[in-house]
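Presented below is the structure to which this report refers.
Values in this document were obtained by computation on a predicted structure and should not be read as measured data. Start at 1 and go down the list; that is how both ligands and their atoms are numbered.
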Amino acid sequence: MVTTSWGELKQTLRASVNEHNYTNWIAPLELLSLREGVATMAAPSGYVGTYVQRHFEDDILRALTAIDPAVRRIDFTVTPRAAREEAPTEASPAAAAPHAEVGADTLTPGVTRSAPRTPSSEALSMQDRMLQPAPLDPHYTFDSFVVGKPNELAHAAARRVAQGGEVEFNPLFLYGGVGLGKTHLMHAIAHELKASQPHLNVVYLSAEQFMYRFVQALRDKRMMDFKSLFRTVDVLMVDDVQFIAGKDSTQEEFFHTFNALVDHNKQIIISGDCAPNEIKNLPPRISSRLASGLVVDLHPTDYELRLGILQSKVASFRLKHPELEVADGVLEFLAHRISTNVRVLEGALTRLFAFASLVGREITLELTQDCLSDVLRASERKITIEEIQRRVAEHYNIRLSDMIGPKRVRSFARPRQIAMYLCKKLTSRSLPEIGRRFGGRDHTTVMHGVKRIEELMQQDAQIADDLELLRRALEA
Ligand code: ADP
Ligand code: MG
């Protein structure tokens with residue numbers, strides 16, 4: 001019970017701390033016990049424990065109250081590395097598998113990839129200082145990645161790279177806003193390559209980790225090790241490259257590594273939060289190099305993709321918890337209302353699951369609204385009257401001035417009524433206010449318009465379709 005819930009709570013935490021924090025600090029934690037208000041957690045090192053205590057204790061405690069409302073303190077212990085590997089965590093056995101050894105290798109020559117890992121205390125403390133590199137999330141696979149219009153190109157490119165073989169585009173540069181699946185795709189590539197070509201040295205790390213190691217290497221005077229290690233990589237993936245922009249010596253070193261690998265025909269995959277030439281503080285000679293392969297972006301999600309993702313998450317959750325019931329309309333509601341990013345969407349769903357299993361009830365629309373009121377409020381996008389007027393005018397190909405103006409011919413009056421209807425349904429504006437914004441019309445005119453459209457929706461399939469289309473476009 002405790003372990004399953006902790007796995008889920010972690011996902012909730014993931015939504016509240018940022019991705020770097022999550023991967024570096026929260027993901028490696030294990031919940032050992034929760035007794036008499038004290039949660040005992042295992043951290044991979046004392047340093048991680050102390051850091052987490054200092055920075056995330058409150059967040060974690062808050063999350064843990066879902067398991068035990070009386071929890072008030074966290075004690076951290078250090079799990080010996082060997083023990084951790086023998087005892088897979090709840091996530092999956094793969095979570096404890098040796099993805100992490102690139103970091104161990106980096107600055108600890110002598111610990112080879114395949115050697116039994118009983119590192120000396122010196123090696124351990126070195127790792128402690130260097131941080132564990134981000135392990136690959138076992139859930140981030142191609143199988144669990146839902147493909148839709150906004151991400152199909154990125155997905156296809158990632159698939160192609162994951163096949164290995166002759167490199168057609170190098171580097172592959174993936175970019176897009178927060179939570180759109182960049183990290184997921186990169187991990188999926190790494191999983192696939194590791195499975196199909198285990199001999200390849202596939203290195204995945206965030207740009208932040210790249211910098212961290214580089215700085216450590218400088219400090220420990222082990223630049224030669226650093227360079228030679230990175231030069232032996234077959235596939236290098238660097239996530240969130242924007243992080244090193246403007247960090248002069250790190251970005252220089254990254255550039256050298258990059259060039260050396262490309263020269264040897266090694267595949268490179270990079271992600272960023274915007275297109276290479278838009279990354280601030282990145283010298284043009286570097287950004288143009290980054291753009292020299294294939295650059296693909298992940299577009300913001302649309303309604304269909306969000307719904308697809310929700311359905312797939314529910315399906316996989318129900319494999320383990322067949323008792324979970326989700327009422328009709330709940331997923332559609334969430335896909336409509338939470339359009340910020342997939343991480344928020346997932347966090348919302350995780351919270352719903354946790355809540356539903358605690359109270360042992362079906363997830364209804366009402367429960368959803370109760371349980372997620374803060375998330376829903378935060379992602380409420382304020383649709384404005386102007387936006388509606390503009391969209392509707394565009395849709396019917398009339399001028400905005402005609403929509404608002406006094407002309408009463410049907411070709412203007414009908415779109416005007418449709419816009420009024422949408423203003424009433426999608427904004428919190430009052431009828432008189434809407435009337436004012438439609439060229440100073442009376443509130444009874446608006447009321448009449450809204451009523452007329454409600455009637456027409458029942459009779460005229462074309463109008464019903466138009467409305468659905470407009471509503472989606474406005475809510476996207
Ligand atoms: P980014 O790196 O672009 O900020 P992530 O890859 O971390 O985003 O994605 C955020 C969360 O959303 C992850 O948990 C990921 O699994 C999930 N996610 C994003 N896109 C998809 C998708 N198309 N299908 C399934 N899950 C997705
Ligand atoms: Mg990411």
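- Closest to atom 14 (O) of ligand 1 among all protein heavy atoms lies E346 OE1, 2.6 Å.
- Atom CD of E323 sits in a crowded spot, with more than 12 heavy atoms from other residues, nucleotides or ligands closer than 6.0 Å.
- Neither side chain, Y175 nor D273, offers a donor N or O lying under 3.5 Å from an acceptor on the other.
- Within ligand 1, counting atoms from 1 as listed, the ones closer than 4.0 Å to a heavy atom of K313 are 26 (N).
- With respect to the salt-bridge test (charged N to carboxylate O, under 4.0 angstrom), the residues K149 and E304 do not qualify.
- In the vicinity of N151, heavy-atom distances shorter than 4.0 Å reach the ligand 1 atoms 23 (N).
- Between Y303 and H336, the ring-plane angle classifies as tilted under the 30° and 60° cut-offs.
- Nearest protein heavy-atom neighbour of atom 2 (O) of ligand 1: T183 OG1, 2.7 Å.
- Protein N, O or S atom count below 2.8 Å of the Mg ion (ligand 2): the structure gives 1.
- In this structure, the protein non-hydrogen atom closest to atom 23 (N) of ligand 1 is V146 O, 2.7 Å.
- Per-residue contacts place I309 under 4.0 angstrom from the following atoms of ligand 1 (heavy atoms of the residue considered): 21 (C), 22 (C), 23 (N), 24 (N).
- The shortest N or O to N or O distance between L180 and ligand 1 is below 3.5 Å.
- Looking at atom 12 (O) of ligand 1, its nearest protein heavy atom turns out to be V342 CG1, 3.2 Å.
- Near S144, meaning under 4.0 Å from any of its heavy atoms, are these atoms of ligand 1: 24 (N), 25 (C).
- The shortest contact between atom 8 (O) of ligand 1 and any protein heavy atom is with G181 N, 3.1 Å.
- Across every non-hydrogen atom of S206 and V238, the tightest pair is C-CG1, 4.3 Å.
- Atoms of ligand 1 lying under 4.0 Å from any heavy atom of V178, numbered from 1 in the order shown and given with element: 4 (O).
- Separating the CZ atom in F173 from the OG atom in S271 is a distance of 7.0 Å, to the nearest 0.5 Å.
- Here the shortest heavy-atom pairing between N201 and T232 reads ND2-O, 3.6 Å.
- What sits closest to atom 13 (C) of ligand 1 on the protein, heavy atoms only, is Y140 OH, 3.3 Å.
- Between H191 and H187, the two ring planes are perpendicular [angle over 60°; tilted spans 30° to 60°].
- In this structure, F226 and F230 have tilted ring planes: the angle between them lies in the 30° to 60° band.
- Considering both main-chain and side-chain atoms, F145 never comes within under 3.5 Å of ligand 1 through any nitrogen or oxygen pair.
- Atom CG of residue D374 and atom CZ of residue R377 lie 6.5 Å apart, to the nearest 0.5 angstrom.
- From R231, atom CZ reaches atom NE2 of H256 across 8.0 Å, with rounding to the nearest 0.5 Å.
- For atom 16 (O) of ligand 1, the nearest non-hydrogen atom of the protein is H184 ND1, 2.6 Å.
- In this structure, CD1 on I270 lies 5.0 Å from CG on L290, to the nearest 0.5 angstrom.
- In this structure, a donor-acceptor pair under 3.5 Å is absent between the side chains of T12 and R351.
- Taking 4.0 Å as the cut-off between side-chain N and carboxylate O, D225 and K227 do not count as a salt-bridged pair.
- Residue K182 has at least one heavy-atom neighbour below 4.0 Å for each of these atoms of ligand 1: 1 (P), 2 (O), 3 (O), 4 (O), 6 (O), 8 (O).
- Residue, atom and distance of the protein heavy atom nearest to atom 4 (O) of ligand 1 are G179 N, 2.7 Å.
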